[in-house]
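Report on one structure; see the data block that follows.
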Amino acid sequence: MQGRISDYKKQKEAEVLYKNPAEYEKYIIRNYDCMKTQEYEVIVSQRLYYRATKDKKIEQWLEFNLNLLPFCMKSLQDMIAVTGGHIVSCIYRMNNYNNISTEVCAVDELSEAGLLCDRITSRSVIRTTSVSEIEEQVKYNSIFWTPEIESAGFKAKA
């Protein structure tokens, strides 16, 4: 009987790790490097923290995407560097489950001929359902070479 009670307690603890959103937010900030970096900003809404404490699927989605962010950021920096530019600022907003908005401001310092010229700043907002889709948007939309209104975070048409 004692073994069953112990197993039940362990199962209940595994189901609900955090009693409230504030506790869960502290855990996230403490354990995910992307929340501590100065290179870019990650903003997770209080609503998403709340929902993650109530739903294991949302918690897994959030933590999976937070794990991917450093790799995504490195990939974005590399893609923009190919054009002779660099990222000035980047803000990831995790507003709700399957709702990520990424605002990227980049500076391009090379002309089309590859010569140094005046700095051209591009700003784009990418709306995706996961972090892995951010790279796809950048690759397929060339968001840093088209106006924000045209790119608008949607995949380019073939």
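Worth knowing before you read on, the calculation uses all heavy atoms, side chains too, and leaves out hydrogens, waters and symmetry mates. The structure displayed is predicted, hence computed values, not measured ones.
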For Tyr27, which residues count as a ring-ring contact (aromatic ring centres under 6.0 Å, His included) partner, sequence neighbours excluded?
Tyr18
Pairs touching residues 33-45 that satisfy side chain to side chain donor-acceptor pair (under 3.5 Å), sequence neighbours left out
Glu39-Gln77
Check which hydrophobic residues are tied to Ile91 through side-chain heavy-atom contacts below 4.5 Å, counting indirect links as well, and list them.
Ile43
When rounded to the nearest 0.5 angstrom, what distance separates CG in Leu68 from CD1 in Ile134?
9.0 Å
Flag the pair Gln46 / Glu25 as yes when at least one side-chain heavy-atom distance between them is below 4.5 Å, and no otherwise.
yes
Heavy atoms of Thr102 and Cys90 approach each other most closely as CG2-SG, 3.9 Å
Quick one: does Val107's side chain get under 4.5 Å of His86's, heavy atoms only?
yes
What distance separates Tyr49 OH from Ile28 CD1, expressed to the nearest 0.5 Å?
6.0 Å
CG (Asn67) and SG (Cys34) are apart, to the nearest 0.5 Å, by 7.5 Å
State plainly whether one hydrophobic cluster holds both Ile87 and Ile100, where clusters connect Ile, Leu, Val, Met, Phe, Trp and Tyr through side-chain heavy atoms under 4.5 angstrom apart.
yes
Can Glu59 and Lys56 be said to form a salt bridge (Lys or Arg N to Asp or Glu O under 4.0 Å), step by step?
CA-CA 5 Å; Glu59 175 190 350; Lys56 191 77 169 164; 3.7 Å; yes
Pairing residues for Lys74 by the salt bridge (charged side-chain N to carboxylate O under 4.0 Å, His left out) criterion, not counting sequence neighbours:
Asp78
Which heavy-atom pair separates Val42 from Met35 by the least distance, and what is that distance?
CG1-SD, 3.6 Å
Would you please name every residue forming a side chain to side chain contact (heavy atoms under 4.5 Å, CB included) with Asn99, sequence neighbours left out?
Asn95, Asn96
Evaluate the criterion side chain to side chain contact (heavy atoms under 4.5 Å, CB included) for residue pair Met94 and Leu69; output intermediate values, then yes/no.
CA-CA 11 Å; Met94 297 181 154; Leu69 272 176; 4.2 Å; yes
Euclidean distance, Tyr92 OH relative to Thr128 OG1, rounded to 0.5 Å:
9.5 Å
What residues form a ring-ring contact (aromatic ring centres under 6.0 Å, His included) with Tyr97, not counting sequence neighbours?
Trp61
Can you check whether Val131's main-chain N or O pairs, donor with acceptor, with Asn65's side chain at less than 3.5 Å?
yes
Check against side chain to side chain donor-acceptor pair (under 3.5 Å), Tyr32 and Glu63:
CA-CA 8 Å; Tyr32 289 88; Glu63 293 185 21; 2.9 Å; yes
